Amino acid sequence: MPNRRRTAAALTAAAAVAGATVLAGAPAAHAVVVDVNYACETKIGPKSAVSPVDIKAVKSGSGYTVTMSFDKGVSDSPVELPKGVMTPRAELVLGGDASGTVKVTGTPNTTAIPPDTPIRIGTLTGTFTPKKNGKVTFTAGTLTVHALGMDAAVCTPKNNPKPSLELQVTGVSGGSDTPPPAGDGGGSDEQLPKTGPLDSALALGTLGGTVLLTGAAGVLWLTRRTAH
């Protein structure tokens, strides 16, 4: 019995250390939903609307897949838009240790859009390939709604919105003197960050909890096997 207790305690302690290592080695990222006040120039005159914007980034190879999501429409059409004739695109303005823009594009509307109803933008997707390590911010830029063969609405943020995503880029070879976080084991860079409205610490805490649960399961298995 004493030996089993010591073994269980050792495994639990090891699992806790493993969870702490994962938390220490994960890249930092922070995302928030930002209200963007768009002023739109349309074929039927000026329009304006406020839409909550959410920007996420998921590590993909040497870069990141970036998504931009809108909770509300920013303009409407005086005529019905048939299925497949409307495609949105936007620019995300980079800041911090990067400059320029990232282009994101949506998919054509899957159903007809009735006249005089808000055009829902949905989710736009693009790719960000960092050139160096450091902290990079992503802020909503110009949004364009292409419909019926023309740019039906060009919308510009007018409230100087704050960044929707702050991303700590690591592991870019030769791009900066900034080293990767200690204890990442060479693998955490391929898994993280996956960001969204929830604070990344919550997601990382969940990952650490998985390690702890695995350790507890190992303790139970070992105890039962010894009992037999």
Side-chain angles (χ1 to χ4, degrees), residues 23 26-42 46-60 63-76 86-111 113 117-130 134-146 152-170 188 191-209:
L23 288 172
H30 180 66
V32 294
V33 177
V34 175
D35 287 337
V36 180
N37 185 3
Y38 282 102
C40 304
E41 294 296 328
T42 78
K47 299 284 185 178
S48 64
V50 176
S51 178
V53 172
D54 176 21
I55 300 175
K56 301 177 183 179
V58 180
K59 192 75 170 69
S60 178
Y64 295 83
T65 297
V66 180
T67 58
M68 180 185 193
S69 301
F70 293 79
D71 284 354
K72 296 180 180 179
V74 296
S75 183
D76 52 24
M86 186 279 293
T87 304
R89 65 181 187 272
E91 292 182 345
L92 304 181
V93 180
L94 301 177
D97 293 315
S99 60
T101 59
V102 171
K103 297 183 184 301
V104 290
T105 306
T107 57
N109 56 306
T110 57
T111 59
I113 301 174
T117 57
I119 299 173
R120 296 197 65 84
I121 304 301
T123 300
L124 285 63
T125 306
T127 300
F128 169 60
T129 303
K135 186 178 293 184
V136 180
T137 61
F138 296 76
T139 304
T142 301
L143 167 69
T144 302
V145 178
H146 189 83
V154 179
C155 306
T156 306
K158 292 299 183 182
N159 61 331
N160 192 27
K162 296 180 179 180
S164 297
L165 173 65
E166 187 177 274
L167 180 67
Q168 185 68 48
V169 175
T170 62
S188 64
Q191 303 271 341
L192 297 166
K194 182 174 183 179
T195 65
L198 295 179
D199 192 284
S200 59
L202 177 59
L204 294 175
T206 302
L207 182 58

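This is a predicted model, so every value here is computed, not measured. Computation of the quantities below employed the complete heavy-atom set of this structure, encompassing side-chain atoms and omitting hydrogens, waters and symmetry-equivalent molecules.
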**Q.** side chain to side chain contact (heavy atoms under 4.5 Å, CB included) partners of Thr142, counting only residues at least two apart
**A.** Thr144, Val154, Thr156
Q.
Do Ile55 and Val66 have side chains that approach each other closer than 4.5 Å (heavy atoms only, starting at C-beta)?
A. yes
**Q.** Note, Val53 side chain near Phe70 side chain (heavy atom, < 4.5 Å)
**A.** yes
(Q) As an exercise, state the distance from OG1 of Thr67 to CG of Asp54, rounded to the nearest 0.5 Å. (A) 7.0 Å
(Q) Return the CG to OG1 distance between Leu94 and Thr137, rounded to the nearest 0.5 Å. (A) 7.5 Å
Q: Over all heavy atoms of both residues, which pair between Lys47 and Thr42 is shortest? Give the atoms and the distance, please.
A: CG-CG2, 3.8 Å
Q. Less than 4.5 Å apart, any side-chain heavy atom of Thr65 and any of Thr125?
A. yes
Q: Determine, stepwise, if the pair Ile121 / Leu143 fulfils side chain to side chain contact (heavy atoms under 4.5 Å, CB included).
A: CA-CA 10 Å; Ile121 304 301; Leu143 167 69; 4.3 Å; yes
Q | Residue pair Ala57 / Leu167: nearest heavy atoms and the distance that separates them | A | CB-CD2, 4.3 Å
Q | Validation row: Lys56, Val58 side chains within 4.5 angstrom (heavy atoms) | A | no
Q. Between Phe138 and Phe128, what is the ring plane arrangement, given parallel below 30°, perpendicular above 60°, and tilted in between?
A. perpendicular
Q | Nearest non-hydrogen partners of Ala90 and Met68, listed with the distance | A | CB-SD, 3.9 Å
Q. Do you know which two heavy atoms are closest between Thr101 and Glu91, and how far apart they sit?
A. CG2-OE1, 4.1 Å
**Q.** Under the side chain to side chain contact (heavy atoms under 4.5 Å, CB included) test, residues paired with Ser48 that sit two or more places apart
**A.** none
Q) So Thr105 and Leu124, side chain to side chain contact (heavy atoms under 4.5 Å, CB included) or not? Walk me through it. A) CA-CA 5 Å; Thr105 306; Leu124 285 63; 5.7 Å; no
Q | Taking every non-hydrogen atom, the tightest pair across Gly106 and Thr87 | A | O-CG2, 3.5 Å
Q: Tell me, with the steps shown, if Met86 and His146 meet side chain to side chain contact (heavy atoms under 4.5 Å, CB included).
A: CA-CA 6 Å; Met86 186 279 293; His146 189 83; over 6 Å; no
Q: List for me each residue that meets side chain to side chain contact (heavy atoms under 4.5 Å, CB included) alongside Thr127, sequence neighbours excluded, and say none if there are none.
A: Thr129
(Q) With a 4.5 Å cut-off on side-chain heavy atoms, are Ile113 and Thr111 touching? (A) no
Q: Look up atom NZ in Lys135 and atom NE2 in His30, then write down how far apart they are to the nearest 0.5 Å.
A: 10.5 Å
Q) Looking only at atom types and distance, does a side-chain atom of Arg120 sit under 3.5 Å from a main-chain N or O of Asn109, one as donor and one as acceptor? A) no
Q) For Pro161, what residues pass the side chain to side chain contact (heavy atoms under 4.5 Å, CB included) criterion, not counting sequence neighbours? A) Val34, Val36, Thr139, Pro157, Asn159
Q) If you look at every heavy atom in Gly141 and Val93, which pair is closest and at what distance? A) CA-CG2, 4.2 Å
Q) Residues two or more places apart in sequence or in another chain: which of them pass side-chain hydrogen bond (donor to acceptor under 3.5 Å, both in side chains) with Thr123? A) Ser69
Q. According to the salt bridge (charged side-chain N to carboxylate O under 4.0 Å, His left out) rule, which pairs have a member within residues 152-163, sequence neighbours left out?
A. none
